[in-house]
Amino acid sequence: QKEVEQDPGPLSVPEGAIVSLNCTYSNSAFQYFMWYRQYSRKGPELLMYTYSSGNKEDGRFTAQVDKSSKYISLFIRDSQPSDSATYLCASLADYQLIWGAGTKLIIKP
Amino acid sequence: EAGVAQSPRYKIIEKRQSVAFWCNPISGHATLYWYQQILGQGPKLLIQFQNNGVVDDSQLPKDRFSAERLKGVDSTLKIQPAKLEDSAVYLCASSLRTQGARRLNNEQFFGPGTRLTVL
């Protein structure tokens, strides 16, 4: 079992929709969680990070962690075609990032 | 501020050949990472440098992969000989310091990657 699981998609939604991207993790010691966005032919870029449980909002993006169910979510409001990318979740374990496989998101105009 | 530079962007070789990738991190970044990203998977850390010293190379297949960062700035990753399963994108990243629980904001900045195809 991988330590961070993520549905690879693709997830296709119409422009303006609310998008929900999710990951699960197995190691209860994980406390720090990141969301990265990766455009085609580019490296990942950090969107947000959260600590422990709770929500964190940044513009149209909200990251949520539920430690009781070991569930990580990223919500995108008012989705735009420019949001089309692969979204990777990761957890910081000691000094190493443990990555999910990434979910490919397609926003249809 | 210039980002992480990598070259070449694309490389096609035949199995058993050798190949080298180059990375120039963001100026002043002490920590440099090499990742392997196979299609449909998340990045896998191959090696991490702090200045010119190796911090973690536990997942580097040392029988065929080698990496160096001689002057603590740019770095090269070499594969010799290449196998079909080495086909992947090789990402280089850098951060000011090693990212850890007490240095969460030491964000890793990624280069565009080198896409390797082994035939």
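Throughout, protein chains are lettered first and strands after them, A, B, ... in sequence-line order, and every chain is numbered starting at 1. Just so it is clear, the structure is predicted and the values come from calculations on it, not from any experiment.
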For this session: Tell me, for Q37(B) versus chain A, whether the close heavy atoms (under 4.5 Å) come from the side chain, the backbone, both or neither.
Result: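 Side chain only.
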
Problem set entry | Structural part of Y90(B) lying under 4.5 Å from a heavy atom of chain A |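 Nothing of Y90(B), per the 4.5 Å heavy-atom cut-off to chain A.
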
Within 6.0 angstrom of [X] [atom1], more than 12 heavy atoms from elsewhere:
X	atom1	value
K62(B)	NZ	yes
K11(B)	NZ	no
I18(A)	CD1	no
L119(B)	CG	yes
Q80(B)	CD	no
K42(A)	NZ	no

For this session: Report the option among P112(B), P43(B), G111(B), G42(B) that has the most heavy-atom pairs separated by less than 4.5 Å from atoms of chain A.
Result: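 Most heavy-atom pairs within the cutoff with chain A belong to P43(B).
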
Problem set entry | Option in R9(B), R115(B), Q6(B) with maximal non-hydrogen atom pairs under 4.5 Å from chain A |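 So the answer, after comparing R9(B), R115(B), Q6(B), is R115(B).
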
Linking I/L/V/M/F/W/Y whenever any side-chain heavy atoms sit under 4.5 Å apart, do [X] and [Y] land together?
X	Y	answer
L105(A)	M48(A)	yes
L60(B)	Y35(B)	no
Y87(A)	V19(A)	yes

Exercise. What closest approach, in Å, do G43(A) and L91(B) show between heavy atoms, and which atom pair accounts for it?
Worked result: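 Heavy atoms only, the tightest pair is CA-CD2, 4.0 Å.
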
Problem set entry | Part of Q38(A) lying under 4.5 Å from any heavy atom of chain B |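 Just its side chain gets close to chain B.
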
Problem set entry | Contacts of residues 6-14 of chain A with chain B (heavy atom under 4.5 Å) |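 The list, in residue order, is empty: none.
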
Exercise. Should Q108(B) and M34(A) count as side-chain neighbours, where that means a heavy-atom distance under 4.5 Å?
Worked result: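 They are not in side-chain contact.
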
